[in-house]
Amino acid sequence: MHVHVNAAVSADGKLSTRNREQVRISGDEDFARVDRVRAESDAVMVGVGTVLADDPSLVRFDQTHREALEIPGVPTRVVADSRARTPPDAEVLAGDAPTTVLVGEAAPDDRLDALRDAGASIVVAGEERVDLPAALAELEAERVRRLMVEGGGELVFSLFEDGLVDELTLYVGGLVLGGRDAPTIADGEGFVDRETFPRLALEGVERVDDGVVLNWSVESSRPLGAG
Ligand SMILES: NC(=O)C1=CN([C@@H]2O[C@H](COP(=O)(O)OP(=O)(O)OC[C@H]3O[C@@H](n4cnc5c(N)ncnc54)[C@H](OP(=O)(O)O)[C@@H]3O)[C@@H](O)[C@H]2O)C=CC1
Ligand SMILES: Nc1nc(O)c(N)c(N[C@@H]2O[C@H](COP(=O)(O)O)[C@@H](O)[C@H]2O)n1
């Protein structure tokens with residue numbers, strides 16, 4: 001599976017404001033690029049923090065681009081949501097596109113039933129928190145070859161921590177959001193041991209709208225404790 005993280009950050013590296021309100025950082029041209037990346041993907045994933053903050057639908061993609069690539073169907077929407085906190089009326093569950101919610105074994109049955117009633121498929125991986133390597137293996141078994149991850153920072157840090165990211169694209173926009181508690185693309189506990197810092201190779205730089213798109217491949221990223 002190829003895992004591609006894509007997000008937009010302010011010039012000072014923030015995904016949104018300190019009160020986690022969604023900010024339009026990308027311009028129209030960058031959103032069109034994002035729509036093409038979605039169109040190339042078998043699944044588009046976010047963490048439940050993003051669902052609760054942004055209520056994204058994740059259904060927007062470039063159908064023409066997908067057809068030109070002869071990719072059948074539509075991208076599946078995926079939410080990493082250990083305790084099944086996704087509201088059953090969330091936009092990510094609305095419409096015809098399929099949605100898979102990744103949960104832990106501790107997720108309460110009543111919330112799982114409500115999500116199933118709202119049309120979600122449930123994948124159980126891990127105990128208290130979603131075990132991302134196991135969950136992604138399950139998605140791969142369901143023929144997800146290209147997984148796009150749109151954030152947020154807690155989920156993306158865990159994906160890096162587990163050595164699961166292959167590609168990172170950031171749109172850096174011309175605004176400053178500030179705030180020591182504002183989310184960044186990799187939050188979580190943070191890396192301390194330099195041996196564990198994921199190393200990136202710059203593959204592309206492009207001026208788009210009033211910002212820059214930076215594309216990296218992940219050179220080395222290994223799970224903590226992997227020796
Ligand atoms: N500018 C941009 O491109 C984007 C901006 N954003 C912004 O980011 C913010 C949301 O980011 P954030 O709060 O970090 O939320 P995330 O979307 O990263 O979701 C985090 C939650 O995912 C759940 N989760 C399940 N399994 C795991 C795991 N293995 N590792 C980590 N998390 C897991 C956790 O909840 P639980 O324990 O309950 O499972 C966790 O709290 C919002 O402000 C949003 O606007 C978001 C995306 C893109
Ligand atoms: N690429 C990008 N640029 C921005 O400026 C953004 N704020 C985001 N946010 C992400 O897009 C999701 C919204 O998706 P829908 O419009 O509902 O399809 C949001 O949840 C973030 O993941 N992305």
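Quick note: numbers below take in every heavy atom, side chains included, and nothing from hydrogens, waters or symmetry partners. Just so you know, ligand 1 is whichever comes first in the structure, and atom 1 is the first atom listed for that ligand.
Looking at atom 19 (O) of ligand 1, its nearest protein heavy atom turns out to be G49 N, 3.0 Å. The nearest heavy-atom contact from the protein to atom 11 (O) of ligand 2 is E150 OE1, 3.4 Å. Looking from atom 40 (C) of ligand 1 to the surrounding protein, the closest heavy atom is R129 NH2, 3.4 Å. Shortest contact from atom 23 (C) of ligand 1 to any protein heavy atom: A80 O, 3.5 Å.
Every atom of ligand 2 with a heavy atom of R24 under 4.0 Å away is listed here by number and element: 5 (O). Listed by number with element, the atoms of ligand 2 under 4.0 Å from a non-hydrogen atom of Q22 are 13 (C), 19 (C). Residue T50 approaches ligand 2 through these ligand atoms, each under 4.0 Å from one of its heavy atoms: 20 (O), 22 (O). Close approach of ligand 1 to A7 (heavy-atom distance below 4.0 Å) involves ligand atoms 3 (O). Of all the atoms in ligand 2, the ones that sit under 4.0 Å from a non-hydrogen atom of D54 are 19 (C), 20 (O), 21 (C).
Considering both main-chain and side-chain atoms, D30 never comes within under 3.5 Å of ligand 2 through any nitrogen or oxygen pair. The shortest N or O to N or O distance between V9 and ligand 1 is not below 3.5 Å. Considering backbone and side-chain atoms together, L58 places an N or O closer than 3.5 Å to an N or O of ligand 2. Not a single N or O atom of V59, backbone or side chain, sits closer than 3.5 Å to an N or O atom of ligand 2.
Summarising the geometry of D55 relative to V92, their closest heavy-atom pair is OD1-N, 4.5 Å, with the distance given to 0.1 Å.
The closest heavy-atom contact to atom 14 (O) of ligand 2, among the options R60, R38, E91, M45, comes from R38.
In this structure, S121 contributes its side chain and T100 its backbone to no donor-acceptor pair below 3.5 Å. A donor-acceptor distance shorter than 3.5 angstrom exists from the side chain of D42 to the backbone of R145, with no hydrogens or angles considered.
Contact annotation: for S16 versus ligand 1, heavy atoms closer than 4.0 Å belong to the side chain alone. Heavy atoms of V23 found under 4.0 angstrom from ligand 2 belong exclusively to the backbone.
At least one heavy atom of V48 sits closer than 4.0 Å to an atom of ligand 1. Distances shorter than 4.0 angstrom occur between a heavy atom of D54 and an atom of ligand 1.
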Exercise for the section: Evaluate the salt bridge (charged side-chain N to carboxylate O under 4.0 Å, His left out) criterion for residues D62 and R36: first the C-alpha distance (whole Å), next the side-chain angles of each, then the deciding distance (0.1 Å), finally the verdict. Expected result: CA-CA 5 Å; D62 186 338; R36 289 193 295 278; 5.2 Å; no

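In this structure, F160 has its ring center at least 6.0 angstrom away from the ring center of F191.
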